Amino acid sequence: MEINEAEFARIIRENKGTIYTVCYMFSKDKEEVDDLFQEALIKLWQGCASFQGKSDLKTWIYKVTLNSCISIDRKKKSHKTQPLMEGIDLFDKNDADNKQTDMLHARIQRLQPFDRAIVLLWLENMSYDEIAQIVGINVKNVSVRLYRIKEQLKQMN
Amino acid sequence: METQNNTFNEFELDDLRQQIEDLKNKVNKQGRLNEELVKKAIQGKMRGVHGIILKLAIVAIDVSHMGDDLVGTANKLVKMKRNRVIGQRIGIGVALLWLAWFCYEYFMLNSVYGTEAAWFSMIGILVGALIGGLIGIRIFNKMQRANDEMIDQINEFTHEQ
């Protein structure tokens with residue numbers, strides 16, 4: 001799909017909440033979330049050409065962002081990235097609004113990376129078919145994993 | 001009692017959906033996307049020359065699995081880990097051969113000034129090589145460990161499928 005820079009910026013603007021939230025769930029601090037967000041945007045831009053519109057745009061964005069978060073080698077990161085998203089720091093302990101977010105983050109972070117991806121897709125109300133397609137496992141496996149993840153989440157209470 | 005607890009927990013799980021939605025809304029409302037920096041990032045100019053080199057390296061790896069599912073991507077990372085092991089073994093072999101040749105040449109050239117001085121220099125070289133080797137192995141093991149969590153999950157998935 002041919003997408004110019006302006007069109008790409010519009011897509012990112014409309015989906016920044018989703019992309020940033022996924023990056024946040026795979027990060028331990030503000031620097032890491034900024035790094036992941038930048039890498040995800042680069043991959044989305046690189047992947048525009050291969051996106052042929054066969055799947056839903058949102059599904060594709062999830063797939064590329066999760067791929068980016070799972071495959072990035074965090075040890076190579078320099079933590080010198082200029083933040084592409086301004087005006088928000090979900091790790092700011094002084095922000096009272098962040099308390100609920102903090103608890104949610106702590107729960108999701110305790111899951112293994114693939115389980116984290118599965119639960120995020122489930123929370124996004126995606127069907128088992130879509131989750132199976134993004135993760136690369138069969139539908140039955142998705143339901144088994146989700147059952148176990150839910151049990152794990154319950155234990156965390 | 002157990003049913004009550006479970007019902008409460010199920011309710012809480014559904015509540016997570018709302019929390020994620022609230023979080024996305026918060027990011028959408030408060031977060032301002034710096035579009036100038038986004039343009040620079042996608043043009044690969046953000047981190048200067050080193051950034052471009054780094055990014056080219058990242059892109060060269062990533063474009064190949066852009067459309068893959070998560071397990072497919074992780075499988076490629078596992079292959080990368082295996083290749084790293086092969087590369088390390090070859091590297092250590094070549095380094096040892098080179099070190100042996102270097103020590104031999106060094107010793108032959110410098111022994112004309114006295115074998116004692118040559119031996120002292122050799123010990124210095126070997127200690128340096130040993131420290132370098134140990135640091136290299138430590139970095140290598142750290143890189144390998146980073147992939148282990150993912151490999152464990154892939155094995156779990158493969159067993160279940």
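Nothing here was measured: the structure is a model prediction, and the numbers come from that model. Per chain, numbering begins at 1; letters A, B, ... match sequence-line order.
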(message) Starting from B:M122, can I reach B:W101 by hopping between I/L/V/M/F/W/Y residues whose side chains sit under 4.5 Å apart?
(response) yes
(request) Determine whether A:Y24 and B:V27 make a side-chain contact, defined as any pair of heavy atoms from C-beta on separated by less than 4.5 Å. (result) no
(request) Pick whichever of A:M25, A:E86, A:R13, A:M85 has the most heavy-atom pairs under 4.5 Å with chain B. (result) A:E86
(message) Can you tell me which of B:K29, B:K26, B:E36, B:E35 forms the most heavy-atom pairs within a distance under 4.5 Å of chain A?
(response) B:K26
(message) Hydrophobic clusters here meaning ILVMFWY residues chained together by side-chain heavy-atom distances under 4.5 Å, can you tell me if B:I137 and B:L99 are in one?
(response) no
(request) Spell out, yes or no, whether B:Y104 and B:I123 are grouped together once hydrophobic residues are joined by side-chain heavy atoms under 4.5 Å, including indirect joins. (result) no
(message) Quick check on A:I19 against chain B: is it the side chain, the backbone, both or neither that has a heavy atom closer than 4.5 Å?
(response) neither
(request) Check whether B:N25 gets within reach of chain A through its side chain, its backbone, both or neither, counting any heavy atom under 4.5 Å. (result) neither
(message) Is there a continuous path of hydrophobic side-chain contacts, each under 4.5 Å between heavy atoms, that joins B:I125 to B:L96?
(response) no
(message) Can you tell me which portion of A:M103 sits under 4.5 Å from chain B's heavy atoms? Options are side chain, backbone, both or neither.
(response) neither
(request) Using the rule that two of Ile, Leu, Val, Met, Phe, Trp, Tyr join whenever any of their side-chain heavy atoms come within less than 4.5 Å, decide whether A:V139 and A:I118 are in one cluster. (result) yes
(request) Measure the spacing between OG1 of A:T21 and CD1 of B:I20 and express it to the nearest 0.5 Å. (result) 6.5 Å
(message) I'd like to check A:K16 versus B:V38 (side-chain heavy atoms, cut-off strictly below 4.5 Å). Are they in contact?
(response) no
(request) For side-chain contact (heavy atoms from CB on, under 4.5 Å), just list the numbers for A:L66 and B:T73, CA-CA rounded to whole Å, side-chain angles, deciding distance to a tenth of an Å, and then say yes or no. (result) CA-CA 10 Å; A:L66 285 169; B:T73 302; over 6 Å; no
(request) Among A:T101, A:L41, A:N125, A:I12, single out the residue with the greatest number of heavy-atom pairs under 4.5 Å to chain B. (result) A:N125
(message) For A:N67 and B:L70: C-alpha separation, side-chain torsions, deciding distance, then whether side-chain contact (heavy atoms from CB on, under 4.5 Å) applies.
(response) CA-CA 6 Å; A:N67 249 330; B:L70 303 189; 3.6 Å; yes
(request) Could you tell me whether the side chain of B:Q18 reaches within less than 4.5 Å of the side chain of A:Q100, counting heavy atoms only? (result) no
(request) State the CG-OH distance between B:N28 and A:Y20, to the nearest 0.5 angstrom. (result) 12.0 Å
(request) May I ask you to decide if A:W122's main-chain N or O and B:R17's side chain share a donor-acceptor pair within less than 3.5 Å? (result) yes
(message) Once rounded to the nearest 0.5 Å, what's the spacing between atom CD of A:Q133 and atom CG of B:D69?
(response) 8.5 Å
(request) Considering only heavy atoms and a distance below 4.5 Å, find which of A:I88, A:V119, A:L120 pairs most often with chain B. (result) A:I88
